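Have a look at the structure below before the remarks.
Quick note on labels: first sequence line is chain A, next is B, and so on, each numbered from 1. Treat the numbers as computed from the prediction; the structure is a model and nothing was measured.
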Amino acid sequence: MTQKAPQSSPSSLPKTPQNVLKDVSNGAEGQSEDSEIIFHYNKSKAGLENVDTNRINNIIMECSKGSEYHKSEQKRLNEVKEKVTRYKQKVAKYQANSRLWEKAKNEVYRRIELYKANRNFKRTWIHVDMDMFYAAVEIRDNPHLADKPVAVGDKSMISTTNYVARKYGVRSGIPIFIGKKLCPDLIIIKTDYAKYQKVSQQFKKICREFDEDLESKGLDEVNLDVTGYLRRNGIDHELGRIFVAEKIRRNIKEELDLTSSCGIACNNMLSKICSDVQKPNGITYLEFSEKEITKFLMKLPIRKVPGVGKVNELILSGLGINTCEEVLQKGVEVFINFTENSFEFLARCALGISRNVHERESQIQKSLSVSNTFKPVSELPQFKDKLIKIINEVADRVKDRKICARTITLELKNLEYKTIRRSFTTERSISTHQELMNHAIKLLMEAWPMEPIRLMGVRLNNLRKVEKRKRDNKSHWKDRKSNGYNWSSYKLDRPTPPPRFQNNTLTPESFGK
DNA sequence: ATCCCGATT
DNA sequence: CTGCAATCGGGAT
Ligand SMILES: Nc1ccn([C@H]2C[C@H](O)[C@@H](COP(=O)(O)OP(=O)(O)OP(=O)(O)O)O2)c(=O)n1
Ligand SMILES: [Mg+2]
């Protein structure tokens, strides 16, 4: 944590501060010329600015410490910190050798220029994200909950909360017992995935009017490329874009009685980040210009970038990188320590460049899984009991969806929250309860003897629709391609193949991880 | 290609 | 006293 940064001062890298975002919800309020547009209050993010974060953090910390979960979490984070130490040593090594450093630096700049050449503002993306989704559905169906603090969760964890509860610091991903401490009146509702799935389908159907090929990686959000819609209606300009976003939100509100928030920008990633800016029930428009995008991104915490989570935030912060701007300033540090794909991803995000055309989505779901957490079990018969319950559920869903699978994975989590997996790929697809059970037992015996466990899960991969007729059965192999980058939909968009390193200073080994 | 682990949402 | 489901990257083999 005490490493000093290189003083390299990139001349070509972005600068410029100031007010970038059009706060549509508030900003245009006075003009009121277009009666189609609905405006909303919410400057204050629903009162979340008054939250006593200190008190909240203390309570959370107080409650956490001592638990087995907390211990395992600490251990995990310590491993990350060790990794950061190694990264910093590597940086020091490069800095000690100026030729090495310069070479890497040049390569970084070269690539950044390449990425920049790729920027364009031809298309309009709208990211729609439902507000407090699970909780909103529950409250809609039980209106008397509206002004009370509500959390939705299973077992002992909270999936999401309404904004009343968030004022108390109760939010996604914290355990219920801590939530109760923070807010004794908290009302807990059990999650009902099937219900949210249904609402999600309705939600997506509404959005499909604006983009047939919409992408989505969650029940409560969609990415729409609305360029076609805008052009068909002759409104491919700022006002038209905002109009469409409002129209989408209004349709959702009218048909489902749920609120949502939108981000409008020239690509996938930026629209998603924007959708969070004016959360609940708001719209954020990011102007389609390099200057405005740069202003917006400069001070943006890197964690806000979808794909950068807790761990990568910690690693980057260890390298002195907390904002998008710093990713570019410390490009070399990133370049020599991250994989090629990760470097490209981070650099392009920091530049505000991302995919702006749809990737072909394989319609078919790739996996199906069921997992249960329970009071610790240690004996083989108990293990088998748990397994039977899970396989029953899996078999039901497989039958329901008329699919079969080639790969089955058994997952076991011990009391220290360490997970192991055992998987097996069959020659021909399986689907019956009997087959599933046989393979699962085989996997369990592979892992046996086991320490006591607190969770068991079974996952199926390599899914295929089961053919109705036996004849002509070699027709659809639906070849599954194993490509894809996980920085997921926010990555990729390269007309030109990725630049490889082209000198011998930068060996593949340099990109390890 | 398969297996396993880890990160993210 | 810390869930469930799905996706993907990457190392190893
Ligand atoms: N740790 C988490 C985080 C989220 N979710 C689920 C519940 C949320 O309703 C849904 C959508 O996630 P969001 O991050 O969009 O959160 P919300 O929609 O609940 O709130 P908001 O979008 O208003 O911030 O995903 C979950 O099960 N577990
Ligand atoms: Mg949401």
For dT2(C), take OP1 and OP2 only and decide whether either is under 4.0 Å from a side-chain N or O of Ser156(A). no
Those residues at least two apart in sequence (or on a different chain) that pass salt bridge (Lys or Arg N to Asp or Glu O under 4.0 Å) with Glu393(A) are Arg397(A)
Please tell me whether Thr425(A) and Thr407(A) have a donor and an acceptor in their side chains that are separated by less than 3.5 angstrom. yes
Please enumerate all residues that pass side chain to side chain contact (heavy atoms under 4.5 Å, CB included) together with Ser156(A), with sequence neighbours excluded. none
With respect to the side chain of Asn312(A), which nucleotide from dA6(C), dA7(B), dC5(B) is positioned closest? dA7(B)
Using OP1 and OP2 only, check whether a side-chain N or O of Arg303(A) sits under 4.0 Å from dT9(B). yes
Sugar-phosphate, base or nothing in reach of Thr191(A), heavy atoms under 4.0 Å: nothing
So if I take every side-chain heavy atom of Thr339(A) and compare against dG10(C), dA5(C), dC4(C), which nucleotide ends up nearest? dG10(C)
With the side chain of Ser67(A) defined as its heavy atoms from C-beta on, choose the nearest nucleotide among dT2(C), dT9(B), dT2(B). dT2(C)
OP1, OP2 of dC3(B) versus side-chain N and O of Thr425(A): anything below 4.0 Å? yes
Pair Arg249(A), Asn281(A): side-chain N/O donor-acceptor within cut-off below 3.5 Å: yes
Salt bridge (Lys or Arg N to Asp or Glu O under 4.0 Å) against Arg421(A), all qualifying residues, sequence neighbours excluded: none
Taking CD from Glu215(A) and C1' from dT9(B), how many angstroms apart are they, rounded to a whole number? 15 Å
Under 4.0 Å from OP1 or OP2 of dA5(C): is there any side-chain N or O of Ser371(A) that close? yes
Which one, dC5(B), dC1(C), dA6(C), comes nearest to the side chain of Gln365(A)? dA6(C)
Counting only side-chain nitrogens and oxygens, does Lys155(A) get under 4.0 Å of the OP1 or OP2 atom of dC4(C)? yes
Selection from dA7(B), dG3(C), dT7(C) that lies nearest to any side-chain heavy atom of Asp154(A): dG3(C)
Of the listed dG10(C), dT2(C), dT7(C), the closest approach to the Arg459(A) side chain comes from dT7(C)
Classify the nucleic acid contact of Ile176(A) as base, sugar-phosphate or nothing, counting any heavy atom under 4.0 Å across all strands shown. nothing
Indicate, with a heavy-atom threshold strictly under 4.0 Å, whether Tyr193(A) touches base, sugar-phosphate, or nothing. base
Pair Phe335(A) + Phe343(A): ring centers closer than 6.0 Å: yes
Proximity to the side chain of Arg421(A) - top-ranked nucleotide from dC5(B), dG3(C), dT2(B): dC5(B)
Nearest to the Ser367(A) side chain among dT7(C), dT9(B), dG3(C), which nucleotide is it? dT7(C)
Strictly below 4.0 Å: does Tyr417(A) bring a side-chain N or O up to OP1 or OP2 of dT2(C)? yes
Please determine whether a side-chain nitrogen or oxygen atom of Arg406(A) lies at a distance below 4.0 Å from atom OP1 or OP2 of dA1(B). no
Residues of residues 438-455 of chain A with any non-hydrogen atom less than 4.0 angstrom from an atom of DNA chain C: list those, numerically ordered, please. Arg454(A), Leu455(A)
Testing dT8(B), dC4(B), dC8(C) for proximity to the side chain of Ser423(A), the answer is dC4(B)
Side-chain atoms of Lys310(A) come closest, of dT8(B), dC3(B), dC1(C), to dT8(B)
Which side chain to side chain donor-acceptor pair (under 3.5 Å) pairs, counting each pair once, include a residue from residues 178-193 of chain A, with sequence neighbours left out? Asp154(A)-Thr191(A)
Results of salt bridge (Lys or Arg N to Asp or Glu O under 4.0 Å) for Glu411(A) - residues two or more places apart only: none
